[in-house]
Amino acid sequence: MMKTQQLLLNPTPVQYLGKLPGGQDIFMKRDDLLGFSFGGNKCRIAVAFLEDMEQKGGDLMVSYGSPGSNLNRTVAALCKSRDIPCLLIVSADEGADEQTFNRQIAAGTGARQVLCGKADVASTVERVMEEARKRGYKPYYLYGDQYGMGNEAAAREAYRRAYREIRGWQQETGHHLTHIFHASGTGMTQGGLVVGKREAGGREEIIGISVARDEARGAAAVRRYAGDQGEDDGDIRFVADYRCGGYGLYDGDIERTIEEMMNSHGIALDPTYTGKAYAGMVKWLERYGMGTEQVMFIHTGGLPLYFDYLNRRRDP
Ligand SMILES: *Cc1c(COP(=O)(O)O)cnc(C)c1O
């Protein structure tokens, strides 16, 4: 690992927040404090992709995400800091002219942004890669092929390592977590955690709270990132009961969760990922958490989305 990348990924603090309504001790792993571009899980994931690109001899990073993508922002910032050219494909059917802080930060790095419709992602990836090759680059598309498949092993590395941190923390402090919760989207984070846990023989339940996908689709993606083939190992819990109708949608419970977390602890959550997942975790534990004592919530970052949220709330 490069020295700068090591610095970015120093083990993140684990903070005790008190007791949840169900009586459980709640510990928050502050991956929002990863030392780069506002932190977040995409920091670890961007570093894992960059390492993979370097191993494969690539010299132009190609990323993909929505206009508000934390991944695009982090990848662009990381590449910029290392003087590596970077190109962002941005899916923008709705919200093409929506200004988000993530988008502004990404634009500030000078990374070229190519807009495309959601139905045209594969053809756009193919075209962008072909053009880059013609210009003499060895482009690297971080998800793998134009359909976004094939690079699961690189992605899972990020949270496979993070799981080891969590395990080390438990060993050092003598805490025994029964559950680890986090916001789950593409499955990169959860797939990595699950693999790390299997390797270490960990016993915590890893529970991904879906931010968008239904259970079947979400769990299948986690299995793919965990490298599973065929049989279901039964250790993937992708909970889709708290999606509030879909990606980016939220309700009063989520708003109250965000407000309380800021006012009680000075920690920013956002309505799309961490606020939704935290509120979902609390509800899940109220229902199924009898006898549970110590749980962890991984704060996966997304800080710029908190400011987008504040901005929107100020609008009449
Ligand atoms: C991307 C993201 C997630 C979801 O992570 P996946 O690896 O895609 O499941 C959770 N929280 C934040 C803030 C994110 O940006």
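Quantities reported herein were computed from a predicted structural model and do not represent experimental measurements. Atoms within each ligand, like the ligands themselves, are counted from 1 in listed order.
When only modelled atom types and interatomic distance are considered, N41 and T189 share a side-chain donor-acceptor pair under 3.5 Å.
Heavy-atom separations between Q190 and ligand 1 are all 4.0 Å or longer.
Contact annotation for T189 and ligand 1: heavy atoms of both the backbone and the side chain come within less than 4.0 Å of the ligand. If you look at N41 next to ligand 1, the close heavy atoms, those under 4.0 Å, all belong to the side chain. The proximity of K42 to ligand 1, defined as any non-hydrogen pair under 4.0 Å, is limited to the side chain.
Every atom of ligand 1 with a heavy atom of G302 under 4.0 Å away is listed here by number and element: 13 (C). Which parts of ligand 1 touch A183 is read off a 4.0 Å heavy-atom cut-off, strictly below it: atoms 4 (C), 10 (C). Residue S184 has at least one heavy-atom neighbour below 4.0 Å for each of these atoms of ligand 1: 9 (O). For ligand 1, the atoms lying closer than 4.0 Å to a non-hydrogen atom of N70 are 13 (C), 14 (C), 15 (O). The distance from ligand 1 to the heavy atoms of T300 drops below 4.0 Å at these ligand atoms: 10 (C), 11 (N), 12 (C), 13 (C). Close approach to T186 involves these atoms of ligand 1, each under 4.0 Å from a residue heavy atom: 6 (P), 7 (O), 8 (O), 9 (O).
Using a 4.0 Å cut-off between charged side-chain N and carboxylate O, K283 and D241 make no salt bridge. The pair R44-E165 meets the salt-bridge criterion, with a side-chain N (NZ, NE, NH1 or NH2) lying under 4.0 Å from an Asp/Glu carboxylate O. Using a 4.0 Å cut-off between a side-chain N of Lys or Arg and a carboxylate O of Asp or Glu, R160 and E157 qualify as a salt bridge.
In terms of modelled atom types and a separation under 3.5 Å, the side chain of S184 and the main chain of G187 share no donor-acceptor contact. Judged by distance alone, the side chain of R217 and the main-chain N or O of D214 form no donor-acceptor pair under 3.5 Å.
Geometrically, ligand 1 and G301 share no nitrogen or oxygen pair separated by less than 3.5 Å.
Below 30°, between 30° and 60°, or above 60°: for Y273 and Y247 the angle between ring planes is above 60°, a perpendicular geometry.
In terms of protein heavy-atom proximity, atom 9 (O) of ligand 1 is closest to G185 N, 2.7 Å.
Listed by first then second residue, pairs satisfying salt bridge (Lys or Arg N to Asp or Glu O under 4.0 Å) with a partner in residues 104-127 read R127-E131, not counting sequence neighbours.
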